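Just so we're clear, the structure is a prediction, and the values are computed from it rather than from any experiment.
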Amino acid sequence: MYFRITNRRYANNSIAFIQKTSIFFFFLFFCVFSGTAQNRIDSLKNALALNKNGAKIPLLVELCWEYRYHHPDSARIFGYQALKLAREKKDLNFEAEALHNLAVTYEAQGDYKKSLSYNLEALKLRTKLNDDIKTANTINNIGIAYDELGNFSLSLKYYHQAYQIYKQKKHTEGLAMVSTNLGILFKAHKDYKNVVKYYQEANAIYKKLNMPREVAFTEANLGSVYYYIKQYDSCIYYSLKAQQTFKKLNIQQFLPTTYTNAGIGYAALGQTKKALEFLRTSITLNNKYNNRKELAFAHTHLAKLMLKLKKLDEARESANKAASLAEAIGASKEVMDAKETLAIIFEQQGKFKDAYELHLAATKIKDSLFQKDKTALISDYQVRYQTEKKEQQIQSLNQQNTIQKLKIKQRNLGLGIAGGVLLLGVLFAYLLINRRKLKAKAELQLAIIKQQDIASRAVLDAEERERRRIAGDLHDGVGQMLSAALMNLNGLFAKLNLQSDASLQAEQALALVNESYDEMRSISHQMMPNALIKSGLASAVKEFIGKLDKNKLKVNLETVGLNERLDEQTETVIYRVIQETVNNVIKHADASKLDIQITKDEEGIAVTIEDNGKGFDKSKINLKAGIGLSNIYSRVEFLKGTVDIDSTEGRGTLMAIHLP
């Protein structure tokens, strides 16, 4: 297995807070950070007992962090207390710290859904507080959660955001951390060449920064990946090297993984006795720290070793434990490995039906983990991530090529000065003429693109103006006439003494006019919502989904970065797209839940709409054939945007829109 690297969060804030309370307390807190882990915890508890509610918050947050791996349940007790006090004091900084630390405690036990939930809450606060590095820390941890939950596309998105912030801020440690996590992501894709490269990059940075704990993490990760490329001696070497560092630093909670990696390395080399010793030690330690994902991994490999030794009953017991542990925390990869191992065990026991069913279950999980679109996303990110280095390499090669050409020219200068001068003159003239042609062509192309853009926006403007005109005519013209007709009819029926049959017909006529008036108002507001004109996109979307029946469809809306209004065309296009998509979900998807996310950042605007409905097979449907979807594609293309739709039968639909 491998180590994720999460962030140290807030020591500077804590010390600044303590400096404002008392000199004695600052001295006590300094002692906390200078001793061993247990001394730090004891000092924190003593300080906690001496202070009032306001001064308790940083201590509670720090205790949550100190306990996060070896006692996650205890860590959460301190974290929830800190969160409650921070909210009572309306201290957004420590509220964000408490949420971040609580997310890490759930990550430590493999509960990635809860970890994601708390991280997303922390991200909202950290974005509001404009602390770029802490925001990047939380974004990185969101990438970890999405990766572990099997959502490669979102994981890559958040890793990329964190990487860009660290790069902009020249935060070397953050870049190393993202490199480590990217290595883990590529490891799941079995792109081991890139995994080794990312791990080694991170290892070199941590050595330069003199961070022995993080160096040990990357060495443990290298031990893990060398197993998969069958360099078993290197697997054992790096695992034991990391193990020695953890023991030296008294970091007990990370030892189990090094035992597991060394154990599977010894098993691959046929050293069964050592393999059993290391794997059983790993299981004992993982049980102690309740790390269910690592425990499932260790049990699976113990089952494989027992299978090799023909101890089928013991192998089946370990594989069953691995499957149960992995299913309980939603660790799909570990569930797949455990079921594949169980299938082989049942096959050797002659239980072919059970073996076949387990093999099918494992294959289904494997298909869901490695879809073609995920491969494309990872490859695309790899290209973007390495672009800068490749450009530098190309520049260096160009410089070397130029130097070599100059040397050749110098050697041949005496043989053809006159011919060289003539050739240079001709070449210069050709280049000058060609440059002018290329410049003119580029200017013409830019003019064409500009005119196309103007025309596209004019089409959208004309369409929206026509919608407003029709909406205004309906509201001010037809609406006024229907309103007057209602008043006259009400007055007329009050004066007439109609018989029962005539009275019934009159009431029906009045009801029809009322219904027509309501329908006219509904159409008018749908064509041009007042909220979109007055308050902007976020308010208009909230008003639109607020009118939906929550018992039939629960809609969650999340907006990020919409602090200022967008230009009118962009807001209108996004609103129309969301409106059309939600109507399609209601009509066709049979969904009970719909998630809408609108994000604005430096790269543009991203809109994701995901439902849990019945989905469809993309290969059997022309996505641009329907009027609704065709309108969505055309509107987004007018603004030079892209639309991606991902759907599988029985597993819902995801629409992702990006506007530059």
Rounded distance (nearest 0.5 Å) linking atom [atom1] of [X] with atom [atom2] of [Y]:
{"X": "I264", "Y": "S224", "atom1": "CD1", "atom2": "OG", "result": "6.0 Å"}
{"X": "N119", "Y": "L102", "atom1": "CG", "atom2": "CG", "result": "10.0 Å"}
{"X": "N210", "Y": "E214", "atom1": "CG", "atom2": "CD", "result": "10.5 Å"}
{"X": "N287", "Y": "L295", "atom1": "CG", "atom2": "CG", "result": "4.5 Å"}
{"X": "E277", "Y": "T272", "atom1": "CD", "atom2": "OG1", "result": "12.5 Å"}
{"X": "L99", "Y": "L83", "atom1": "CG", "atom2": "CG", "result": "5.0 Å"}

Regarding [X] and [Y], do their side chains bring together a donor and an acceptor under 3.5 Å, going by distance alone?
{"X": "N181", "Y": "N140", "answer": "yes"}
{"X": "N203", "Y": "E201", "answer": "no"}
{"X": "D147", "Y": "S155", "answer": "no"}
{"X": "E294", "Y": "H299", "answer": "no"}
{"X": "S324", "Y": "N320", "answer": "no"}

[Y] and [X], any side-chain heavy atoms less than 4.5 Å apart:
{"X": "Y259", "Y": "L279", "value": "no"}
{"X": "N291", "Y": "P256", "value": "no"}
{"X": "R213", "Y": "Y206", "value": "no"}
{"X": "Q348", "Y": "L312", "value": "yes"}
{"X": "Q81", "Y": "K84", "value": "no"}
{"X": "K170", "Y": "T172", "value": "no"}
{"X": "N137", "Y": "H100", "value": "yes"}
{"X": "R316", "Y": "Q349", "value": "yes"}

Using only atom types and a distance under 3.5 Å, with no angle test, would you say the side chain of [X] pairs donor to acceptor with the backbone of [Y]?
{"X": "T284", "Y": "R280", "result": "yes"}
{"X": "T105", "Y": "P72", "result": "no"}
{"X": "H71", "Y": "S74", "result": "no"}
{"X": "T258", "Y": "Q243", "result": "no"}

What pair of heavy atoms forms the shortest contact from [X] to [Y], and how long is it?
{"X": "L276", "Y": "M306", "answer": "CD2-CE, 3.7 Å"}
{"X": "A82", "Y": "V61", "answer": "CB-CG2, 3.6 Å"}
{"X": "A176", "Y": "A202", "answer": "O-CB, 3.4 Å"}
{"X": "C235", "Y": "G223", "answer": "SG-O, 3.1 Å"}
{"X": "N261", "Y": "A220", "answer": "ND2-O, 3.5 Å"}
{"X": "T218", "Y": "Y199", "answer": "CB-O, 4.1 Å"}

**Study point:** E97 bridged to R126 by N-O distance under 4.0 Å
**Key:** yes
Review point. Run the ring pair (Phe, Tyr, Trp, His ring centres under 6.0 Å) check on Y106 and Y118 step by step: do they pass?
Key: CA-CA 9 Å; Y106 283 111; Y118 281 100; 5.6 Å; yes
Review point. For V196 and I229, what are the C-alpha separation, side-chain angles and deciding distance, and is it a side chain to side chain contact (heavy atoms under 4.5 Å, CB included)?
Key: CA-CA 10 Å; V196 172; I229 58 177; 4.3 Å; yes
Check your understanding: F78 ring centre to R68 NZ or CZ under 6.0 Å, with the angle to the axis within 45°?
Key -> no
Review point. K339 and E327: salt bridge (charged side-chain N to carboxylate O under 4.0 Å, His left out), yes or no, with the steps?
Key: CA-CA 11 Å; K339 289 190 174 183; E327 285 173 341; 3.2 Å; yes
Exercise for review: Please check if the distance between the ring centroids of F278 and Y266 is under 6.0 Å.
Suggested key: yes
**Study point:** Check: F217 ring centroid to F254 ring centroid under 6.0 Å
**Key:** yes
Check your understanding: Yes or no on side chain to side chain contact (heavy atoms under 4.5 Å, CB included) for Y227 and H301, after CA distance, side-chain angles and deciding distance?
Key -> CA-CA 12 Å; Y227 170 80; H301 279 277; 3.8 Å; yes
Check your understanding: Which is it for Y238 and Y226 under the side chain to side chain contact (heavy atoms under 4.5 Å, CB included) test, yes or no, and what are the steps along the way?
Key -> CA-CA 9 Å; Y238 280 106; Y226 277 126; 3.5 Å; yes
Surrounding [atom1] of [X] (heavy atoms of other residues, nucleotides or ligands, distance under 6.0 Å), is the total greater than 12?
{"X": "Y237", "atom1": "OH", "answer": "no"}
{"X": "Y80", "atom1": "OH", "answer": "yes"}
{"X": "H359", "atom1": "NE2", "answer": "no"}

**Study point:** Ring geometry between Y228 and Y192 (parallel below 30°, tilted from 30 to 60°, perpendicular above 60°)
**Key:** parallel
Check your understanding: Does the pair N250 and Q252 meet the rule for a side-chain hydrogen bond (donor to acceptor under 3.5 Å, both in side chains), with working shown?
Key -> CA-CA 6 Å; N250 196 28; Q252 300 295 319; 3.0 Å; yes
Practice item. With side-chain hydrogen bond (donor to acceptor under 3.5 Å, both in side chains) as the test, would you mind laying out the steps for N151 and S153 before giving the verdict? Key: CA-CA 6 Å; N151 195 327; S153 58; 3.0 Å; yes
Practice item. Decide side chain to side chain contact (heavy atoms under 4.5 Å, CB included) for L120 and I142; before the verdict, give the C-alpha distance in whole Å, the side-chain angles of both, and the deciding distance to 0.1 Å. Key: CA-CA 7 Å; L120 290 172; I142 291 172; 3.7 Å; yes
